Amino acid sequence: MKLFFLFTFCVAVVSNALYGQPKTGAARASAVEANLIPYVPVVGFPAWHIRERMQYHHVPGASIAVIKDYKIDWAKSYGLADTIQRTPVTTQTMFSAGSISKLVTAVIALRLVERGLLSLDSPINNYLTSWKLMENDFTRKRPVTLRMLLSHTGGTSQASYFGYLPSKSPLPSVVQVLRGDLVAEVNPVVVNSEPGKEWRYSGGGYMVVQLAIMDALKKDFASIAQTEVFTPLGMKHSTFQQPLPPSFEKRAAWGYSAASWYKGMPYVYPQQAAAGLYSTPTDLALLLIAVQKSYAGKGKLLKAATVKEMFAPVATISKGAYLEQMGLGAFLLERDGNMSPKGKYFEHQGANAGFIAFAMGSVEGGNGVVIMLNTGDDFNAFGTELRRSVAKVYGWHNFLPPPIVPVQLDEKTLDSYVGRYRKWTDEVLTIRREGDHLVENINGGRDIYCFPVAKDTIIFTDYNVKGYFGRDKNGEVISLRNEYQNEKDAMPKMAADEFTPSEHLKEKRYAEAKEGFRKMNLNEYQITYMAYDWLNKKPSDPQAARVLLEVAVEQHPSSSIVYSRWGDYYKAVGDKENAVKSYRKALELEPQNKDIQEALRTVQ
């Protein structure tokens, strides 16, 4: 009875903390700044402050706009838009919005559907005049439609686009991107699975939508977006123009990323519908509000019936703690078991080189948030912590999971869990102790906080999943498993002198690393990506890359990507002669590869 009372009391206290809103916008903003939390709320675990977490996650700059009762409640900015010039972020600083471009594109397409210029369920080729999706057995069985393209169920190729360096000239046109012309440096957009059968994310599909819109209105896409969305909604700091014109360029944040492939500057995305939008949280909040009002029958952007179709699930993406489904241009999210329309949310996220963005709104009630960051690293970290803080302070209905109520374990028991657990041949889960809780880390990635809920039982706060420590007959901890693993699949606790191939490589024990990677039998893409990463990370380790490439050429002697990466290696160490030989060998194996052709050109 005492335990039940304690649990009930704790939940009540947490519920009051979560859902008691401050009275003013300024007070709510301060509360959001001071209440960043893990994926799962934890009773007694102190919340973080926004500036603390920006520093922890290495976020140079952030901007946020919060929606309450169909209005922007407040907007604020933090940090630097440019770390060299020391330019601060303001609420008018523009960020690359990534795939949130698709949400705007969907709204434009639906406006054209309302005017009879496009149809959701007629073949999309009926509306394409500049180029058409190539017919094949898949499309003859079932033609691709706008509804399919907007919901990523059209079976189209090209999941995403990675942009171009600002120096690229000329930039490809929409048709050149769709055809996969040499100047576009991408594969053509084709239908390579049965339309309407499954959800499969496709930036290429949205390029088809863009062209259909352009063909219908006989205008360029940036002008169409300005007329259809930005001007009517007062979105003064938004554009699809690529590259950015000078008037917008001076307001734009610089992008940052620690990724080995990132070249240290904002990329250009002529694939506008898929990834080309620049905007601000305030502007995108105006869009979310307009969609919410239209759903409620009080807006002018779209008809209520249209937004209801937009929010009608076409495909289920995932089930678990949350049900994630796909509507028309909007991802639909609700907690498992939610029975209330107030607990349904729509969202889109974006990730371009050096940038991450989040836009989420409630289907009913007029709540939401837009967050934009000038970092391209760790998609599920700072931005989601900040979003959860908004949900907590504003009491979003049925959005946050129930709070964890930890138990107190003695230091000896907690210390017995500390150690390294082999998750896979080259993957290590490390557990360390911080005070009365544990921290999980996998291969040097993001820290995950873990809390004991019983002896030998913890909860991981990234996915609200339980973990169980196993003991031998002497009571020593020997393994760790999550609730979805059985005991025979548990992760064994590693000895102090036991290391993975990557751990050997990190410590420059190259011979041991090489032998370990030989036994792993990685495919050509896995092992060459690792070599590329070691060659380009800061600081780089060319010898580590060479070790991996030696294994790669032993096990994949006829792979063009292996020889291409050898070319990269020789180029990096200044051996031009062998770089040329390697790139030529790669081209012999894959003569049409545009990337290898360009790499060879740069060293000849």
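None of these values were measured; they are calculated from a predicted model. For this chain, numbers begin at 1 and follow the sequence in order.
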To the nearest 0.5 Å, what is the distance between OG (Ser279) and NZ (Lys236)? 14.0 Å

Nearest 0.5 angstrom please: Thr91 OG1 to Ile64 CD1, how far? 12.5 Å

Within this structure, what is the OH-OG distance for the pair Tyr161 and Ser101, rounded to the nearest 0.5 Å? 13.0 Å

Check whether Gln158 reaches the backbone of Gly203 with its side chain - one donor and one acceptor, N or O, closer than 3.5 Å. no

Is Ser223 reaching over with its side chain to a backbone N or O of Lys219, donor-acceptor style, under 3.5 angstrom? no

Any chance you could measure Asp82, atom CG, to Leu80, atom CG, to the nearest 0.5 Å? 8.0 Å

Residues passing the ring pair (Phe, Tyr, Trp, His ring centres under 6.0 Å) test with Tyr295, sequence neighbours excluded, are Phe311

Scan side-chain atoms only and decide if Asn192 and Ser157 contain a donor-acceptor pair under the 3.5 Å cut-off. no

When you check the side-chain N and O atoms of Thr280 and Thr282, is any donor under 3.5 Å from an acceptor? no

Which atom of Lys466 lies closest to which atom of Glu483, heavy atoms considered: N-OE2, 2.6 Å

Spell out, as yes or no, whether a donor-acceptor pair under 3.5 Å connects the side chain of Gln242 to the backbone of Tyr269. yes

Donor-acceptor pair, Arg388 side chain versus Ile37 backbone, under 3.5 Å? yes

Which of Asp377, Asn352, Asn374, Thr375 passes side-chain hydrogen bond (donor to acceptor under 3.5 Å, both in side chains) with Ser257? It is Asp377

Which side-chain N or O atoms in residues 332-340 pair as donor and acceptor under 3.5 Å with protein atoms at least two apart or in another chain?
unit_1: Glu334; atom_1: OE1; unit_2: Asn338; atom_2: ND2; d: 2.9
unit_1: Glu334; atom_1: OE1; unit_2: Lys344; atom_2: NZ; d: 3.4
unit_1: Glu334; atom_1: OE2; unit_2: Lys344; atom_2: NZ; d: 2.9
unit_1: Arg335; atom_1: NH1; unit_2: Asn398; atom_2: OD1; d: 3.0
unit_1: Arg335; atom_1: NH1; unit_2: Leu400; atom_2: O; d: 2.8
unit_1: Asn338; atom_1: OD1; unit_2: Ser340; atom_2: N; d: 3.4
unit_1: Asn338; atom_1: OD1; unit_2: Asn398; atom_2: ND2; d: 2.9
unit_1: Asn338; atom_1: ND2; unit_2: Ser340; atom_2: O; d: 2.8
unit_1: Ser340; atom_1: OG; unit_2: Lys342; atom_2: N; d: 3.1

Are Asp121 and Thr145 linked by a side-chain donor-acceptor pair shorter than 3.5 Å? no

For a quick test of reading the model, state the closest non-hydrogen atom pair linking Phe45 to Pro38 and the distance between them. CE2-CG, 4.1 Å

List, one per line, each side-chain donor-acceptor pair under 3.5 Å for residues 321-329, sequence neighbours excluded.
unit_1: Tyr322; atom_1: OH; unit_2: Phe399; atom_2: O; d: 2.3
unit_1: Glu324; atom_1: OE1; unit_2: Ser318; atom_2: OG; d: 3.4
unit_1: Gln325; atom_1: NE2; unit_2: Thr316; atom_2: OG1; d: 3.4

Would you say Ile459 and Val465 make side-chain contact, with heavy atoms under 4.5 Å? no

Do His152 and Arg200 meet the criterion of a side-chain donor-acceptor pair at a distance under 3.5 Å? no

Parallel, tilted or perpendicular: which fits the ring planes of Tyr449 and Trp48, with parallel below 30° and perpendicular above 60°? tilted

State, to 0.1 Å, how close Phe240 and Ala225 come at their nearest heavy-atom pair, and which atoms those are. CD1-CB, 3.4 Å

Using every non-hydrogen atom in the two residues, find where Ala47 and Ala34 come nearest and quote the distance to one decimal. CB-O, 3.6 Å

Tell me yes or no: between the side chains of Tyr56 and Asp447, is some donor less than 3.5 Å from an acceptor? yes

For Ser294, the option from Leu110, Thr306, Leu302, Ile289 that meets side chain to side chain contact (heavy atoms under 4.5 Å, CB included): Leu302

For Glu347 and Arg387: C-alpha separation, side-chain torsions, deciding distance, then whether salt bridge (charged side-chain N to carboxylate O under 4.0 Å, His left out) applies. CA-CA 12 Å; Glu347 70 162 336; Arg387 185 175 70 180; 2.9 Å; yes

Can you tell me how far apart CG (Asp462) and CD (Glu440) are? Round to the nearest 0.5 Å. 6.0 Å

Any salt bridge (charged side-chain N to carboxylate O under 4.0 Å, His left out) involving residues 38-64? Give me the pairs, sequence neighbours left out, ordered by first then second residue. Arg53-Glu385

Below 4.5 Å, heavy atoms only, C-beta onward: do Phe95 and Ser63 meet side chain to side chain? yes

Supply the atom-to-atom distance Leu373 CG to Tyr256 OH, rounded to the nearest 0.5 angstrom. 13.5 Å

In terms of ring plane angle, is the pair Tyr201 and Trp199 parallel, tilted or perpendicular, where the classes change at 30° and 60°? tilted

Assess whether side chain to side chain contact (heavy atoms under 4.5 Å, CB included) is satisfied between Phe331 and Ile317, documenting all intermediate values. CA-CA 9 Å; Phe331 288 82; Ile317 300 169; 3.5 Å; yes

Quiz question: by atom type and distance under 3.5 Å, do the side chains of Tyr345 and Asn367 form a donor-acceptor pair? no

Applying ring pair (Phe, Tyr, Trp, His ring centres under 6.0 Å), can you list everything that pairs with Tyr262, at least two apart in sequence or on another chain? Tyr267

Sequence neighbours excluded, every pair satisfying side-chain hydrogen bond (donor to acceptor under 3.5 Å, both in side chains) that has a member inside residues 225-234: Arg111-Glu228, Arg115-Glu228, Gln226-Thr231

